[in-house]
Amino acid sequence: MRKILVMTEAKEGNLRGVTLEMLSAAKRISEGGEIVAVTFGSNATNYNEILGQYGTDKIFAVTNKELDVYTTDAYSQALCKVIKEVQPEAILMPHTAIGRDLAPRIAARLGIGLISDVTDVHVESGDVLFTRPIYSGKAFEKKKMLSGIPFATVRQNNIPAVETEGIAEVIELTVDLKDLRTIVKEIVRKTTGGIDLSEAKIVISGGRGVKSADGFKPLQKLADVLGGAVGASRGACDAEYCDYSLQIGQTGKVVTPDLYIACGISGAIQHLAGMSNSKIVVAINKDPEAPIFQVADYGIIGDLFEVVPLLTEEFNKVLVNA
Ligand code: FAD
């Protein structure tokens, strides 16, 4: 039995999906041990019910106002304080921008190792084993800690969240945050509204084949009908057809939706690194030799400006006008 600490992450008042997925991962490796979650900020106690429903036994709600917005300084102090109190036997954090920023600092402070970008976890012969992609997702390796407690960041959309029944015990606390060097005065968002690309279940992605910023319009229409988000290759971003916040790939976002539709994307290895774990990949490309077809479950050889509107029309009939 192991006591596992899970660092939760919320966005605009809602827990991110990866939090619930980490609780499932924690359940697997705890082998019946206690699962402790830590929440942050003035809304820290808002998530008690859902965390209990997904298997959390105890919640440490750190309610300092300074934690309403993420800063490395404040979160690392708060999290270290909770870790000291809980004395966990394994720690899981989300492999999000926040988790990736915070985890190495926590590892350094605790003097332990860190296994990042984990897509699966299980216990084998008493050891906690973490699976993670290597070589841009071409292969997977299994890793375990040889010393110190298991500590990992978990990639979202890989470990299914499993609902259980339960009510978590809540411990509210404030921590004495010292010498904070960063104050966030304002957050300016580049993109407004819409579905978060990294959490979307359906992604419609455009490459250099869309040919212009306007070329993304048919893709957005399809995304609207399917309730998905629009992404892009770096080729499309470099050509200034869209913002870099949409870039998927090795140097962009990693997405693992249920459905990924690649439109006018050749399928370079760096792009595949960000989407090849999608459950179903559909490729639309007019070049039958395009490498994207090698990873696609369904391929449509054709002009995206003809195919995408036809798909939108058909999905519209089935989903919207049914
Ligand atoms: P192209 O390779 O130019 O492909 C365009 C495709 O559109 C072609 O296959 C063509 O047949 C098709 N097409 C054209 N017109 C139509 C039409 N009307 N209908 C249908 N199909 C059409 N790339 C990423 O995407 N993400 C990354 O994170 C990333 N990181 C990188 C990091 C490094 C260090 C390096 C060196 C490169 C990286 N790249 C990345 C770039 C990558 O190597 C490719 O250059 C890029 O992915 C190509 O984008 P593309 O597929 O949109 O363009």
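Every number for a ligand or one of its atoms is a count from 1 in the order of the listing.
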Kindly determine whether Lys279 and Asp258 satisfy salt bridge (Lys or Arg N to Asp or Glu O under 4.0 Å), including the steps that lead there.
CA-CA 5 Å; Lys279 290 202 178 78; Asp258 293 339; 3.2 Å; yes
What do you reckon, is OH of Tyr298 surrounded by more than 12 foreign heavy atoms closer than 6.0 Å?
no
Are Ile171 and Ile50 connected, step by step, through hydrophobic side chains (Ile, Leu, Val, Met, Phe, Trp, Tyr) whose heavy atoms are closer than 4.5 Å?
yes
Minimum non-hydrogen distance to atom 40 (C) of ligand 1, winning option of Gln270, Lys253, Lys286:
Gln270
Side-chain donor-acceptor pair present, Thr256, Asn277, cut-off under 3.5 Å:
no
Aromatic plane relationship, Tyr260 with His271 - under 30° parallel, 30 to 60° tilted, over 60° perpendicular
tilted
Give the atom numbers and elements of ligand 1 that come within less than 4.0 Å of a heavy atom of Gly302.
19 (N), 20 (C)
Geometric N/O contact Ile248 with ligand 1, under 3.5 angstrom
yes
Proximal atoms of ligand 1 relative to Thr251 (non-hydrogen, under 4.0 Å)
27 (C), 28 (O), 29 (C), 30 (N), 31 (C), 32 (C)
Who's closest to atom 51 (O) of ligand 1 heavy-atom-wise, of Pro288, Ser266, Ala283, Gly274?
Ser266
Among Lys211, His271, Arg208, which one has a heavy atom closest to atom 3 (O) of ligand 1?
Arg208
Decide if atom CD of Glu89 counts as having more than 12 heavy atoms of other residues, nucleotides or ligands within a radius under 6.0 Å.
yes
Has Ser24 got a side-chain atom pairing as donor or acceptor with Pro160's backbone, closer than 3.5 angstrom?
yes
Can a protein heavy atom be found under 4.0 Å away from atom 34 (C) of ligand 1?
no
Determine whether Ile83 and Arg109 make a side-chain contact, defined as any pair of heavy atoms from C-beta on separated by less than 4.5 Å.
no
At under 4.0 Å between heavy atoms, what of Ala268 touches ligand 1? The answer is side chain
Can you sort out which atoms of ligand 1 are near Gln250, meaning under 4.0 Å from one of its heavy atoms?
27 (C), 28 (O)
Which ligand 1 atoms, with their elements, are less than 4.0 angstrom from a heavy-atom of Gly207?
52 (O)
Indicate, with yes or no, if Ile115 and Val254 share a hydrophobic cluster defined by side-chain heavy-atom contacts under 4.5 Å among Ile, Leu, Val, Met, Phe, Trp and Tyr.
no
Which ligand 1 atoms does Gln247 reach within 4.0 Å, using its non-hydrogen atoms?
26 (N), 27 (C), 28 (O), 29 (C)
Any idea which atoms of ligand 1 are less than 4.0 Å away from a heavy-atom of Gly264?
5 (C), 6 (C), 7 (O), 12 (C), 21 (N), 22 (C), 52 (O)
How does Ile292 reach ligand 1, by side chain, by backbone, by both or by neither, if only non-hydrogen atoms under 4.0 Å count?
neither
Indicate if Leu15 and Leu197 have the same hydrophobic cluster label, given that clusters are the connected sets of ILVMFWY residues with side-chain heavy-atom separations under 4.5 angstrom.
no
Report the nearest protein non-hydrogen atom to atom 14 (C) of ligand 1: residue, atom name, distance rounded to 0.1 Å.
Gly209 CA, 3.4 Å
Tell me: protein heavy atom nearest atom 18 (N) of ligand 1, and distance?
Asp303 OD1, 3.1 Å
Which of the numbered atoms in ligand 1 are under 4.0 angstrom from any heavy atom belonging to Gly252?
28 (O)
Give a yes or no on whether Met275 and Tyr244 share a hydrophobic cluster (residues Ile, Leu, Val, Met, Phe, Trp, Tyr; joining criterion: side-chain heavy atoms under 4.5 Å apart).
no
With atom 8 (C) of ligand 1 as the reference point, say which of Asp287, Leu304, Ile300, Asn285 has the nearest heavy atom.
Asn285
Do Val121 and Leu114 land in one hydrophobic cluster if side-chain heavy atoms of ILVMFWY residues count as linked below 4.5 Å?
yes
Give the residue and atom name of whichever protein heavy atom lies nearest to atom 31 (C) of ligand 1, and the separation in Å to one decimal.
Arg234 NH1, 3.2 Å
Please compare Ser233, Gly235, Ala232 and report which has the shortest non-hydrogen distance to atom 52 (O) of ligand 1.
Ser233
